[in-house]
Engineer: 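First the structure, which I've put down as structure tokens, then a few questions once you've had a look.
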Amino acid sequence: MITTLPRASDARVRRLAATLYAYTFLDDFTLLYPLYALLFADTGLSTAEISSLLAIWSLTSLVMEIPSGAWADTVSRRLLLVLAPLLAGAGYALWFLFPSYGAFAAGFVLWGTAGALQSGALEALVYTELEREDAVGRYAGIMGRARALGTGAVMAATALAVPLFAAGGYSLVGVASVLVCLVCAAVAAAFPEHRTHRSHRGTGGRDGDPAPDARDRASGPDAPDAPDAPDVPDRDRAPGSDARDRDGGPGGDAEDRDDGTGEDTEPSSPRAYLGMLRAGLREARGDRAVRRALLLVPAVAALWGALEEYVPLLAAGTGVATETVPLLVLLVSAGVAAGGFLAAAESRLTGRGLAVLLAVGAVALGAGAAAGNALGFFAIAAAFCVFQTATVLADVRLQNTIAGPARATVTSVAGLATDVASLGVYGGYAAASAVAGHGMIFTLSAVPYLLIALFLASRRDSGRSRWNSGRSRRDPG
């Protein structure tokens, strides 16, 4: 029994990872993505109307982000992951069945809601299941590979959309997109989900006081300088002590769920939902370690994520032939994918190590953009590789610092902050484009990453705090 338990645990981790990889690939394999702007234009929409649709998409995601995270923590993270592609598929169906401004707007509301349902819920489910198997040290590698596969799926969908459109127009591409969403929802149903009782942990009970472990981290003499100390997860049972619960039996999905309020309330009740929402917001606001880790996510992810949308314009500005532009965009996408795969290798970096990584990425971005030619895109691809790796590591740090039951809610707060910061980048880019070219804007965009690197390097604990502090005893990471 002692020798077979680790093997059984490793098999469950592999199944979880395989389900995640399939789900992420299918979710990003959106065949309509490279064509939807053309569909809108061919329907007769003006540029202003198309821009308003994109605004509806963004605003829907912003409004739904945190409420959906609390819903995932209260009811079921797996359920939201199943619903998300179904909503997106319904939106795509509206587009090609009833092509009009109203249908496009409704489709974007559905698509934006789908993205919000996934944000926070996916990371929380994967981390919680790995924590259950004492394998949180593998989170960085698994999530990094998943993000790399997502980037690959976008590239594959872009390549396949062209022959599909030639064969059957928007209708064939739309039908194929809906079918992919249905398969994605079926894959999501295969995710394991076990919810562990954490009485009052991270919620502070009904009086609004910080959680015990949050108070310990926030009030200790070393708290300001040691936010990355490992959090040891609570366990109600020793690993493997309940076979039915571990295998997803009745104890796993129903009896083992807690509303996060420390009270015996129905998981689906409004009282439980509000309690979970308060718990997540309280931990995000009141726990210094969580707050710092949460703010690092948008600081690292928002800028390069927004800049990626302008890579085709930067490529065209170098003067290369039009047919060369997709190749340069593909090169940068390959760099992003590589960054996901490299996240596991860099997961043991200290704070100072991450600072060096970001500084290298900043120099590569500035040098590549300043070159003003196609060769500079190799440096830009390297920079985006670094930034993707840093984004995964920032997520790892956030997951390792969350102690309460509202993991998806706290992660959704980070997602909301990233979305808001991205909107700021879009606005800043638009304003800067009136006085500077794309190459200059990309070059100047390296400065914020240099400042973040300097901040991380200046921290007193940056040389000893590891970003993958949640490594288990059994898993070497």
Engineer: Does atom CZ of Phe455 have more than 12 heavy-atom neighbours, drawn from other residues, nucleotides or ligands, at distances under 6.0 Å?
Structural biologist: no

Engineer: Do you know which two heavy atoms are closest between Ala383 and Gly361, and how far apart they sit?
Structural biologist: CB-O, 3.3 Å

Engineer: side-chain hydrogen bond (donor to acceptor under 3.5 Å, both in side chains) for Asp419 and Ser61? Distances and angles first, verdict last.
Structural biologist: CA-CA 8 Å; Asp419 290 341; Ser61 298; 5.5 Å; no

Engineer: Is Arg77 salt-bridged to Asp73, going by a charged N under 4.0 Å from an acidic O?
Structural biologist: yes

Engineer: Sequence neighbours excluded, which residues qualify as side chain to side chain contact (heavy atoms under 4.5 Å, CB included) partners of Ala382?
Structural biologist: none

Engineer: Quick test of your reading: applying salt bridge (charged side-chain N to carboxylate O under 4.0 Å, His left out), list the pairs with at least one residue in residues 142-161, sequence neighbours left out, ordered by first then second residue.
Structural biologist: Arg147-Asp395

Engineer: Test your reading of the model: is there a side-chain donor-acceptor pair from Ser433 to the backbone of Ala430, 3.5 Å cut-off?
Structural biologist: yes

Engineer: Counting C-beta onward and ignoring hydrogens, is there a side-chain heavy-atom pair between Phe96 and Val175 closer than 4.5 Å?
Structural biologist: yes

Engineer: Would you name the heavy atoms of Leu456 and Ala355 that are closest together and state the gap between them?
Structural biologist: CB-CB, 3.8 Å

Engineer: Over all heavy atoms of both residues, which pair between Arg132 and His194 is shortest? Give the atoms and the distance, please.
Structural biologist: NE-CG, 3.5 Å

Engineer: Heavy-atom distance under 4.5 Å between the side chains of Phe442 and Leu307, does that happen here?
Structural biologist: yes

Engineer: Just wondering, more than 12 heavy atoms not from Phe341 lying within 6.0 Å of its CZ?
Structural biologist: yes

Engineer: Under the criterion ring pair (Phe, Tyr, Trp, His ring centres under 6.0 Å), which of Phe165, Tyr36, Trp95, Tyr92 is the partner of Tyr170?
Structural biologist: Phe165

Engineer: So, Thr409 side chain and Ala70 main chain: donor-acceptor pair closer than 3.5 Å or not?
Structural biologist: yes

Engineer: Contact between Leu117 and Leu81 at the side-chain level, heavy atoms closer than 4.5 Å - yes or no?
Structural biologist: no

Engineer: Strictly distance-based, threshold 3.5 Å: is any side-chain N or O of Arg407 a donor or acceptor partner for the main-chain N or O of Ala124?
Structural biologist: no

Engineer: Which heavy atom in Ser46 sits nearest to a heavy atom in Glu49, and how many Å separate them?
Structural biologist: N-OE1, 2.8 Å

Engineer: Tell me if a side-chain donor or acceptor on Ser76 pairs with a main-chain N or O of Ala72 at a distance below 3.5 Å.
Structural biologist: no

Engineer: May I ask you to decide if Ala55's main-chain N or O and Ser58's side chain share a donor-acceptor pair within less than 3.5 Å?
Structural biologist: no

Engineer: Is the shortest heavy-atom distance from the side chain of Tyr33 to the side chain of Asp28 under 4.5 Å?
Structural biologist: no

Engineer: Quick check: does any side chain N or O of Thr24 sit under 3.5 Å from a backbone N or O of Tyr21, one acting as donor and the other as acceptor?
Structural biologist: no

Engineer: Check whether any side-chain N or O of Arg291 sits under 3.5 Å from a backbone N or O of Ala284 as a donor-acceptor pair, and report yes or no.
Structural biologist: no

Engineer: Is the backbone of Leu39 close enough, under 3.5 Å, to the side chain of Thr43 for a donor and an acceptor to pair up by distance?
Structural biologist: yes

Engineer: With side chains defined as the heavy atoms from C-beta onward, is the minimum distance between Tyr139 and Glu123 less than 4.5 Å?
Structural biologist: yes

Engineer: Using side-chain heavy atoms (C-beta onward) and a distance below 4.5 Å, is Asp27 in contact with Val180?
Structural biologist: no

Engineer: Are any side-chain N or O atoms of Thr389 and backbone N or O atoms of Leu342, one a donor and one an acceptor, separated by less than 3.5 Å?
Structural biologist: no

Engineer: Examine distances only and state if a side-chain atom of Glu283 and a backbone atom of Gly404 form a donor-acceptor pair shorter than 3.5 Å.
Structural biologist: yes

Engineer: Are more than 12 heavy atoms, taken from residues, nucleotides or ligands other than Met155, located less than 6.0 Å from that residue's CE atom?
Structural biologist: yes

Engineer: Going through the checks in order, is the ring-ring contact (aromatic ring centres under 6.0 Å, His included) test met by Phe104 and Phe98?
Structural biologist: CA-CA 8 Å; Phe104 296 150; Phe98 310 101; over 10 Å; no

Engineer: Are Trp304 and Phe384 near enough that their ring centres are under 6.0 Å apart?
Structural biologist: yes

Engineer: Of all heavy-atom pairs between Ala390 and Leu358, which one has the smallest distance, and what is that distance?
Structural biologist: CB-CD2, 3.7 Å

Engineer: One pair to check against side-chain hydrogen bond (donor to acceptor under 3.5 Å, both in side chains): Tyr101 and Ser52. What are the steps and the verdict?
Structural biologist: CA-CA 10 Å; Tyr101 183 87; Ser52 69; 2.8 Å; yes

Engineer: If you look at every heavy atom in Cys181 and Pro85, which pair is closest and at what distance?
Structural biologist: CB-O, 3.2 Å

Engineer: What do the steps show when you test Tyr449 against Phe387 for ring-ring contact (aromatic ring centres under 6.0 Å, His included), and what is the final call?
Structural biologist: CA-CA 9 Å; Tyr449 283 113; Phe387 296 148; 4.0 Å; yes

Engineer: Please tell me if the side chains of Leu365 and Val386 come closer than 4.5 Å, counting only heavy atoms from C-beta onward.
Structural biologist: no

Engineer: Does Leu423 reach the side chain of Leu62, with side-chain heavy atoms less than 4.5 Å apart?
Structural biologist: yes

